[in-house]
Asker: 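Pasting a structure here, questions to come.
Everything quoted here is computed from the prediction, not taken from an experiment. Proteins come first, then strands; the chains are lettered A, B, ... in the order of their sequence lines, and each starts at number 1.
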Number of protein chains: 2
Amino acid sequence: MSGKLRITVNEAKYLKLIYRQQYEKLCKVKTTLLARSVGVRPATVTEMLQRLAEKGLVKYTRYHGVKLTEKGVNEARKLLRKHRLLEVLFVRFLDYNVQKACVEASKLDYYASENLVNTICRTYGHPKNCPCNKAVFCDERCRGEAKEERT
Amino acid sequence: MSGKLRITVNEAKYLKLIYRQQYEKLCKVKTTLLARSVGVRPATVTEMLQRLAEKGLVKYTRYHGVKLTEKGVNEARKLLRKHRLLEVLFVRFLDYNVQKACVEASKLDYYASENLVNTICRTYGHPKNCPCNKAVFCDERCRGEAKEERT
DNA sequence: AAAAATTTTTAGGATAAACCTAAATTTTTC
DNA sequence: GAAAAATTTAGGTTTATCCTAAAAATTTTT
């Protein structure tokens, strides 16, 4: 029924950004704001929002901004889970400071496998928060103590 | 003097592959072999080799394969250093097996910063080899004990 | 060493993801 | 409701991939 959803790294960037705006800063997600955050022209953002809408990740209303759909929220949380567990690793294991950890995690999160972040998650006893105290979202496949993972 | 060298993730894949052929398997690097490894048609490989040659990363002789230039070797080693230190992390800290570690490292190596891998390197006391016993190439900026890194 | 087989390259395209400017449209503000 | 601001549309450009089919070079076979 559902053709596998392919998200580019750039689309992922927007999803994370939109999620943080909509759910964590609780503000409307407008084109110009996104354009400034990403560092592109507004027209470029519009194009991206239309693409995300076509993929069913956001509800886009011309001239009025976007909201993540359920599917979009799930994707964003998957990405932010990866991002934040990488931050946990960098801060706790490598003594990175929070800011550096975030920068590095941003480069890698999209590419990290679910298995990798689940292993990190288990290793640290399923942390509830990342180093900057935002939520580490749950993955129901991620259970158990540090040892058991195989494949 | 030297305009900053921009390598795409795909180009990086070829560099790693060519390096391993040329220096570790000690065999000639031919188009068809690369095509099979990467999973594309020979014509696509030819195109890539020409691009790598333009960037000064390989010496390419029509119909006779490629050799990495000094610049190409340096780039390849930088990438393989990242790759192998990520493997070290995954195997030693997350108990990954060698094969899984390699797969995961392949997804991330290109995107990992030099600072990240140097921190891993320091944390493990500058390991000489990766889990599959290949060399971890040196970076002269990578010195010292586990603690001192800041910024 | 010539013919046949194989490998490699060239030529000519296709596609997808970004990004842009300028003009048109809609919304917001005064 | 007019002016200002934000947003979208239209029409392009660029870059990186990848492809097929035909041509060219190399290698193998006889």
Asker: A:Leu34 has an atom CG; how far is it from atom P of D:dT8, in whole Å?
Answerer: 10 Å
Asker: May I ask you to evaluate whether B:Asn10 reaches the phosphate of D:dT15, defined as a side-chain N or O under 4.0 Å from OP1 or OP2?
Answerer: no
Asker: Dot-bracket for DNA chain D: what is it, with Watson-Crick or G-U pairs under 3.5 Å, [ ] where a pair crosses earlier ones, and | for a pair to another strand?
Answerer: ||||||||||||||||||||||||||||||
Asker: Does A:Tyr111 have any side-chain hydrogen bond (donor to acceptor under 3.5 Å, both in side chains) partners at least two apart in sequence or in another chain, and if so, which?
Answerer: B:Tyr111
Asker: Do other residues, nucleotides or ligands put more than 12 heavy atoms under 6.0 Å from B:Arg41 CZ?
Answerer: no
Asker: Short of 4.0 Å, heavy atom to strand atom, which residues of residues 44-51 of chain B count as contacting DNA chain C?
Answerer: B:Thr46, B:Gln50
Asker: Pick the closest DNA chain C nucleotide for B:Tyr60 and for A:Pro42 by heavy atoms, then say which residue is nearer the 5' end.
Answerer: B:Tyr60
Asker: On DNA chain D, nearest-nucleotide positions of B:Val9 versus A:Thr61: which is more 5'?
Answerer: A:Thr61
Asker: Only one of A:Lys78, A:Lys16, A:Lys82 clears side-chain hydrogen bond (donor to acceptor under 3.5 Å, both in side chains) with A:Asp109; which?
Answerer: A:Lys16
Asker: If you draw a 6.0 Å radius around CD in A:Gln99, do more than 12 non-hydrogen atoms from other residues or ligands fall strictly inside?
Answerer: no
Asker: Think A:Thr8 has a side-chain N or O under 4.0 angstrom from the OP1 or OP2 of C:dA16?
Answerer: no
Asker: Report the distance from atom CD of B:Glu54 to atom P of D:dT15, rounded to the nearest whole Å.
Answerer: 12 Å
Asker: So, are A:Glu54 and A:Arg51 salt-bridged, with charged N and O less than 4.0 Å apart?
Answerer: no
Asker: Could you measure the distance from the NZ atom of A:Lys13 to the CG atom of A:Leu79? Nearest 0.5 Å is fine.
Answerer: 13.0 Å
Asker: Strictly under 4.0 angstrom, non-hydrogen atoms only: write out the protein contact profile of nucleotides 23-30 of chain C, one letter per nucleotide from the 5' end, B, S or -.
Answerer: --BSS---
Asker: Atom NZ of B:Lys13 and atom C1' of D:dT17: how far apart are they, to the nearest Å?
Answerer: 11 Å
Asker: Listing request: all ring pair (Phe, Tyr, Trp, His ring centres under 6.0 Å) pairs with a residue in residues 20-47 of chain B, at least two apart in sequence or in separate chains.
Answerer: B:Tyr19-B:Tyr23
Asker: How long is the line joining OH of B:Tyr14 and C1' of D:dT17, in whole Å?
Answerer: 9 Å
Asker: Which residue pairs pass the ring pair (Phe, Tyr, Trp, His ring centres under 6.0 Å) test when at least one of the two sits in residues 65-84 of chain B, sequence neighbours left out?
Answerer: none
Asker: As a test of understanding, state which of A:Arg143, A:His126, A:Arg141, A:Arg81 forms a side-chain hydrogen bond (donor to acceptor under 3.5 Å, both in side chains) with A:Asn118.
Answerer: A:Arg81
Asker: Would you name the heavy atoms of A:Pro42 and A:Thr31 that are closest together and state the gap between them?
Answerer: O-CG2, 3.6 Å
Asker: Thinking salt bridges, do A:Glu87 and A:Arg84 make one under a 4.0 Å N-O criterion?
Answerer: no
Asker: Identify, between B:Val40 and B:Lys55, the residue whose nearest nucleotide on DNA chain D lies closer to the 5' end.
Answerer: B:Lys55
